[in-house]
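Everything below concerns the one structure shown next.
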Number of protein chains: 4
Amino acid sequence: MPREVRERQMLDAAVEVFARRGYRAASMDEIAELAGASKPLVYLYLNSKEELFSACIRREAESLIQEIQAGVEPGDSAERRLWCGLRAFFAHTAEHPDGWAVLSCQARIHGEPFALVVAELRQRIVDLVTRLIAECAQPDGGRKPLSAREVSGLAHALVGAAESLAGWANHRTGAVPSARETAATLMNMAWVGLENLTGGRRWPPAAAV
Amino acid sequence: MPREVRERQMLDAAVEVFARRGYRAASMDEIAELAGASKPLVYLYLNSKEELFSACIRREAESLIQEIQAGVEPGDSAERRLWCGLRAFFAHTAEHPDGWAVLSCQARIHGEPFALVVAELRQRIVDLVTRLIAECAQPDGGRKPLSAREVSGLAHALVGAAESLAGWANHRTGAVPSARETAATLMNMAWVGLENLTGGRRWPPAAAV
Amino acid sequence: MPREVRERQMLDAAVEVFARRGYRAASMDEIAELAGASKPLVYLYLNSKEELFSACIRREAESLIQEIQAGVEPGDSAERRLWCGLRAFFAHTAEHPDGWAVLSCQARIHGEPFALVVAELRQRIVDLVTRLIAECAQPDGGRKPLSAREVSGLAHALVGAAESLAGWANHRTGAVPSARETAATLMNMAWVGLENLTGGRRWPPAAAV
Amino acid sequence: MPREVRERQMLDAAVEVFARRGYRAASMDEIAELAGASKPLVYLYLNSKEELFSACIRREAESLIQEIQAGVEPGDSAERRLWCGLRAFFAHTAEHPDGWAVLSCQARIHGEPFALVVAELRQRIVDLVTRLIAECAQPDGGRKPLSAREVSGLAHALVGAAESLAGWANHRTGAVPSARETAATLMNMAWVGLENLTGGRRWPPAAAV
DNA sequence: CATGAATGAGGGTTCATTCAT
DNA sequence: TATGAATGAACCCTCATTCAT
């Protein structure tokens, strides 16, 4: 069996096991067995548990980011780009639940040597959204414009909401929501607010608090 | 030293170590040493690593939920209750970063035997929000009302956004945002949308997509 | 069982196994079993294979050097000091064949991280002899005195001869030579030559070569 | 590439790696790579790590012994034969440091299955010297003649001294001593003593001890 | 109440070796 | 002749957990 094929099988198995157990609890024995190969072969191709995990993270993140970018037309309005991006995001996470589990479950790991890789990839997704928000957040009137910190906070909030919804959609019992439906839920909640901010209109409306 | 005090020291130490290393990578040795007690004593009081972890999760979650509930006046409007609840949430997570790290980092763990405990506690927080949204989501007009599934999705989105913002606020470099500011960011993004939904007004406005 | 006792048992077992197999081929399992303890205990007390080996080397070398120094009277003539030192050396190596095997078999190891420890201890023995030779190598007449390099070479030769003889005595079949006899063999071979050199008389006597 | 050439390349590589790492720490991978051949080819030609090591030992020892014998004129006096043999020995070990490192470093290995091969080859060198000493050790006077055991001891001492000097010469920092100089050092130390013994004159001169 | 002493079980990693081509 | 692909076995090390005191 050619090396390339074997290597993909190993990564597939690794993603599945890492998703099921988490990084530390996953054992190379289980991964090798699931990949239908011997442990030394896994080491020959992937070098170490750490590198194997990094390779998984990279592959899954790359694949996710690429699909999001493929789903978005650069020329479209911010509203439409967010809508399309979210649909692509939820479609991908629904189709690759293990990959998504690895990305999201280990996303906040501390102390492990690959923490940087994970953090960096999460940051790339946040950056996508940050740019989207920042770009359209150019208040037309005389209101106070959004600060960089505000934009960053909004991006993190939006990404967190999306992450949480992806997990919710994946683990629902009963009828699984479509990507379209899940994306609509998030647009429902967040879009009007974002649009308002674009015009410098903030919560609360004056005397509310 | 009375048992109660010792036990609290142990839980404190455990929370700190679990936050720093994650469940699997945390060692009972390190916890015992940090607690200033011998390992057998830890076992005498807390029985096992698993139970110790469960105790941590329970204590931290209880403390968080209680503080949220304490910050909310039952008679207030939904808007005000959400606003107060979020402030309490961000205040608590900022004051107990280790506790929050344990809750959020391990929140989606699979395969470990205590996964149920963690999931259950996260669910209680989601339920708080679910009730809040459901209660005010009684469309006054003839529009299509929110389904239970829609409400559940919104609650998960809101909780995810809050979780992500808490992490963002805790790990910011430079000036740390206040709980008030972080809560305002989330209200900014989500409140108008939620309010619209209350009235049955959904995204997109008809022909937008 | 008190720690001190256990630790000595472990070192004894380790010396025996390292002597029998060499560093790499020795397994911690075998050492632990021979010590009558579990492997984790060995690690608890001695930390790692490398440190265990270093500890063995240090203990055996210290013991050997001390016995040699104890056997020599500082005020004696060089001849008598050499004679007594050699007897002590051969007596010790005969009584601790495993310790001696570890010291001598691994003495020239390269590439392992403890190579320095081994080399340093061997050097201390060579230095003992070097000082002895140097001290009495003060030619009384007008002949060319011994250079530092000559002295160093002679010391290495003498130490090598002693090492080899120790191995020879230990592995002889049949009657084992006494330390006295072995030391006499070496004195027989080397003393007249060394004494001559002391007076600046070198080999060859003029036209011999 | 003809088999003979390949085989020599493999042995060269093996000698280098065994010298650098020792038997156990040397890996067939490293040897194959250094030889510029694939691992299965190494196995095809040399069968196993053990046989490969034996072949190295044999080749290097044969080469050393042959050069010593080539340097000695059978008809010469014992003194001259020893002198020439030592010069040849030190010349060869200086020219083939890796070969010599393998021979001497592994010379006293126990427990490995090839220990016999190594021991046998060392014995052949000892035998050369033994014959030389024995041959001329025919006391002319009425003194007590040398016993076989005495001769054997002396031979081991002389060989050990030579081994040690070879290592000393190879690992000196600064100016490397010539083979002639190193051989002279050993003759300086040992020849007068050996010559005396030939005449039955032993150390100590009666009342010395 | 408190601990020093001790271990069974399991994980990551390496290596000599073989087979199908 | 030559090799890419593959593995059984073993080794070092760690950790949660338990007794005897």
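Proteins get letters first, then strands, A, B, ... in listed order; numbering begins at 1 in each. If you're wondering where the values come from, they're calculated on a predicted model, not measured in any experiment.
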Nearest to the side chain of C:Leu41, which nucleotide is it out of E:dT13, E:dA6, F:dA2?
->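 For C:Leu41, the side-chain atoms sit closest to E:dA6.
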So which nucleotide from F:dA6, F:dC12, F:dA16 ends up closest to the side chain of C:Tyr43?
->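 Nearest nucleotide to the side chain: F:dC12.
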For A:Glu16 and A:Asp98, which heavy atoms make the closest approach, and how far apart are they?
->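 Closest approach of A:Glu16 to A:Asp98, heavy atoms only: CG-OD2, 3.5 Å.
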For the residue pair B:Leu11 and B:Cys56, what are the closest heavy atoms and their distance?
->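 What the structure gives for the nearest pair is CD2-SG, 3.9 Å.
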Nearest-angstrom distance from the residue atom [atom1] of [X] to [atom2] of [N]:
{"X": "A:Asn47", "N": "E:dT13", "atom1": "CG", "atom2": "P", "result": "10 Å"}
{"X": "B:Leu46", "N": "E:dC1", "atom1": "CG", "atom2": "P", "result": "14 Å"}
{"X": "A:Glu4", "N": "F:dG4", "atom1": "CD", "atom2": "P", "result": "16 Å"}
{"X": "C:Arg6", "N": "E:dT7", "atom1": "CZ", "atom2": "C1'", "result": "11 Å"}
{"X": "A:Gln9", "N": "F:dA6", "atom1": "CD", "atom2": "P", "result": "9 Å"}
{"X": "C:Leu44", "N": "E:dG8", "atom1": "CG", "atom2": "C1'", "result": "15 Å"}
{"X": "D:Lys49", "N": "E:dA16", "atom1": "NZ", "atom2": "C1'", "result": "8 Å"}
{"X": "C:Glu7", "N": "E:dA5", "atom1": "CD", "atom2": "P", "result": "10 Å"}

Sorted by number, the residues of residues 18-40 of chain D with heavy-atom contact under 4.0 Å to DNA chain F |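 DNA chain F contact set from residues 18-40 of chain D: D:Ser38, D:Pro40.
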Quick one: is C:Tyr45 getting a side-chain N or O under 4.0 Å of the E:dA6 phosphate, OP1 or OP2?
->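 Yes, within the criterion.
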Would you say E:dC1 has OP1 or OP2 under 4.0 Å from some side-chain N or O of B:Arg3?
->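 Negative; the distance criterion is not met.
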Can you list the steps and then say if D:Trp100 with D:Leu64 is a side chain to side chain contact (heavy atoms under 4.5 Å, CB included)?
-> CA-CA 9 Å; D:Trp100 173 244; D:Leu64 172 59; 4.0 Å; yes
What distance separates A:Leu41 CG from A:Gln9 CD, expressed to the nearest 0.5 Å?
->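 That separation rounds to 10.0 Å.
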Kindly compute the distance separating CZ (A:Arg59) from CD (A:Glu7), expressed to the nearest 0.5 Å.
->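 Atom-to-atom, A:Arg59:CZ and A:Glu7:CD are 10.0 Å apart.
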Taking NZ, NE, NH1 and NH2 as the nitrogens, is one of them in D:Glu62 or D:Arg124 under 4.0 Å from a carboxylate oxygen of the other?
->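 Salt bridge flag = yes for D:Arg124 with D:Glu62.
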Ionic contact status for B:Arg8 with B:Glu4, cut-off 4.0 Å =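 Salt bridge between B:Glu4 and B:Arg8, a charged N being under 4.0 Å from a carboxylate O: no.
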According to the Watson-Crick and G-U wobble definitions, with both distances under 3.5 Å, which nucleotide is paired to F:dT21?
->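 Answer to the pairing question: E:dA2, which forms a Watson-Crick or G-U pair with F:dT21.
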Counting Watson-Crick and G-U wobble pairs only, both distances under 3.5 Å, name the nucleotide matched with F:dT14, or none.
->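 Per the H-bond distance test, E:dA9.
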